[in-house]
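Numbering of residues begins at 1 and proceeds along the displayed sequence. In what follows, every heavy atom counts, from backbone to side chain, and hydrogens, waters and symmetry copies are set aside. When a ligand or atom number is given, it counts from 1 through the structure's own listing order.
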Amino acid sequence: MIDIPKSKAAEFLPIVNFFAIKGKAINIEPFGSGHINDTYKICTDLEKGPNYMLQRVNNHVFKNVEHLMQNVALVCNHIREKLIGLNEANVDGKVLTPIPTKEGKLFFKDERNNYWRVFILIENTKSYDMVETVQQAREGGRAFGNFQAMLSDLNPHDVHEVIPNFLNIASRLRDFKEATNKNMANRIEEVQSEIDFILERENKMNTILNMAAKSQIPLRITHNDTKFNNVLLNGDDKVQCVIDLDTVMPGYVAYDFGDAIRTIINSAAEDEIDLDKIKLNIPLFEAYTKGYLEAAYHFLYPMEINSLVDGVLLLPYMQMIRFLTDYLNGDTYYKINHPTHNLQRTRAQMRLVIEIEKKEELLRDIVKKEANVYLS
Ligand code: ADP
Ligand code: GN1
Ligand code: MG
């Protein structure tokens, strides 16, 4: 999708007024660092009223925005009811609030076929691209554990599969092989060692799908994009709200655990160019695991706990495949900052897989130790 230049943001201010916001939108600024949607912060003329987030949904990635917004509304309402039941004082600060259009729709489609939606802006919060402290990691674990727990009484088939086979490794490998066969951008020669690396691990990465095929782990509603900047923390670094609900779909808990750890355990950025900076931060892994199990232990089956580290191995591997597939296809999916950005991301994820493989046993021991707390 073509990125909208920052200077053009002002053009989109009038779009907000199609939505049932309080007050009048008077200021717009680009916001956040996501790879898929365009996000803007909107201020209104009301001193005390809420401010808002305007997002252009990437409809190249999300083909059915109506289904996507039905999922978002279902999940937000379900969590909202749970929070009200718990007498939570600040419900609007703890769950996303989609604002309908003045005609009662969950999104607005403009004349250029752009899809827009608005949420209440959750003030005084921060999202981090990289985790800095053990407390942040533990809070992140609590946030996503609690998120899964609150949705664990919904039927996974009540949500649409907005991107079919989104985290299905067999399907991702098929797309990757197709990309190597087509070699659309004529880049295959420079990535031969990365291709070999992927193919060598193909069979080993099937554990979660195999467990699922044997009905050893249940299908649940999962977030499916649990990188750390999709949780908002407050000024004291306490968990406030899980955001970016576009990929909420049926899935396995290990996917969410693995994707969160992918960003948390890495001492460098997702696209770090200096591969030697990519090291594992084990205390942050331990803290996330603690927080996650605190919130999720009560609904998890033992086999799901056993599967968590399989997710930790799988998700960076799958992310490497996704970045490399996009690079081979000529960068049609992720936003990029320069022509080899997807290659740089691929190599950084590959190094992360290598580092995680070296520490697999240690990670399994930590999960066992943290889970044992609940057995004694
Ligand atoms: P993307 O799909 O592009 O990652 P997100 O929904 O994650 O989009 O939003 C991008 C960024 O905007 C987030 O990382 C966060 O910093 C900020 N953000 C998103 N929604 C809210 C909200 N309701 N309140 C405050 N900040 C938000
Ligand atoms: C995308 O939208 P964002 O930046 O939170 C992607 C995730 C990837 C992530 C990698 C819909 O997430 O699946 O893990 O980039 N979202 C989609 O950073 O593909
Ligand atoms: Mg995001």
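- Inclusion of Asp244 in the first shell of the Mg ion (ligand 3) is supported: an N, O or S atom falls under 2.8 Å.
- Between His35 and ligand 2, at least one N/O pair is under 3.5 Å apart.
- Across Val95, Asp129, Ile243, Val118, heavy-atom proximity to atom 13 (C) of ligand 1 is greatest for Ile243.
- Between Leu245 and ligand 1 there is no heavy-atom distance shorter than 4.0 Å.
- There is a side-chain donor-acceptor pair under 3.5 Å between Asn114 and Asp110.
- Scanning both residues, Gly145 and Phe299, for their nearest heavy atoms gives O-CE2, 4.1 Å.
- Two residues are said to be in side-chain contact when any heavy atoms from C-beta on lie closer than 4.5 Å; Arg262 and Tyr317 fail this criterion.
- For atom 2 (O) of ligand 2, the nearest protein heavy atom (residue, atom name, distance) is Ile36 CG1, 3.3 Å.
- Within a 6.0 Å sphere centred on CD1 of Ile273, heavy atoms belonging to other residues, nucleotides or ligands number 12 at most.
- Not a single N/O/S atom of Asn229, whether from backbone or side chain, sits less than 2.8 Å from the Mg ion (ligand 3).
- Taking all heavy atoms of Asp244, Val57, Ile36 into account, the minimum distance to atom 2 (O) of ligand 1 is reached by Asp244.
- Residue Lys227 has at least one heavy-atom neighbour below 4.0 Å for each of these atoms of ligand 2: 3 (P), 4 (O), 5 (O), 9 (C), 10 (C), 12 (O), 15 (O), 18 (O).
- Comparing Thr39, Asn51, Val61 against atom 12 (O) of ligand 1, the shortest heavy-atom distance belongs to Thr39.
- Partners of Lys126 according to the salt bridge (Lys or Arg N to Asp or Glu O under 4.0 Å) rule, which considers only residues two or more places apart in sequence or in another chain, do not exist here.
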Going through the distances and angles, do His78 and Asp153 end up as a side chain to side chain donor-acceptor pair (under 3.5 Å)?
-> CA-CA 10 Å; His78 193 74; Asp153 58 341; 2.8 Å; yes

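- Across Ser127, Cys241, Pro98, heavy-atom proximity to atom 16 (O) of ligand 1 is greatest for Ser127.
- The number of heavy atoms from other shown groups lying within 6.0 Å of NZ (Lys277) does not exceed 12.
- Distance from atom 17 (C) of ligand 1 to its nearest protein heavy atom, with residue and atom name: Phe31 CE2, 3.7 Å.
- Under the 4.0 angstrom criterion for non-hydrogen atoms, Lys41 is not in contact with ligand 1.
- Ranking the protein heavy atoms by distance from atom 19 (O) of ligand 2 puts Tyr333 OH, 2.5 Å first.
- Contacts between Arg262 and ligand 2 below 4.0 angstrom, taking non-hydrogen atoms only, involve the side chain exclusively.
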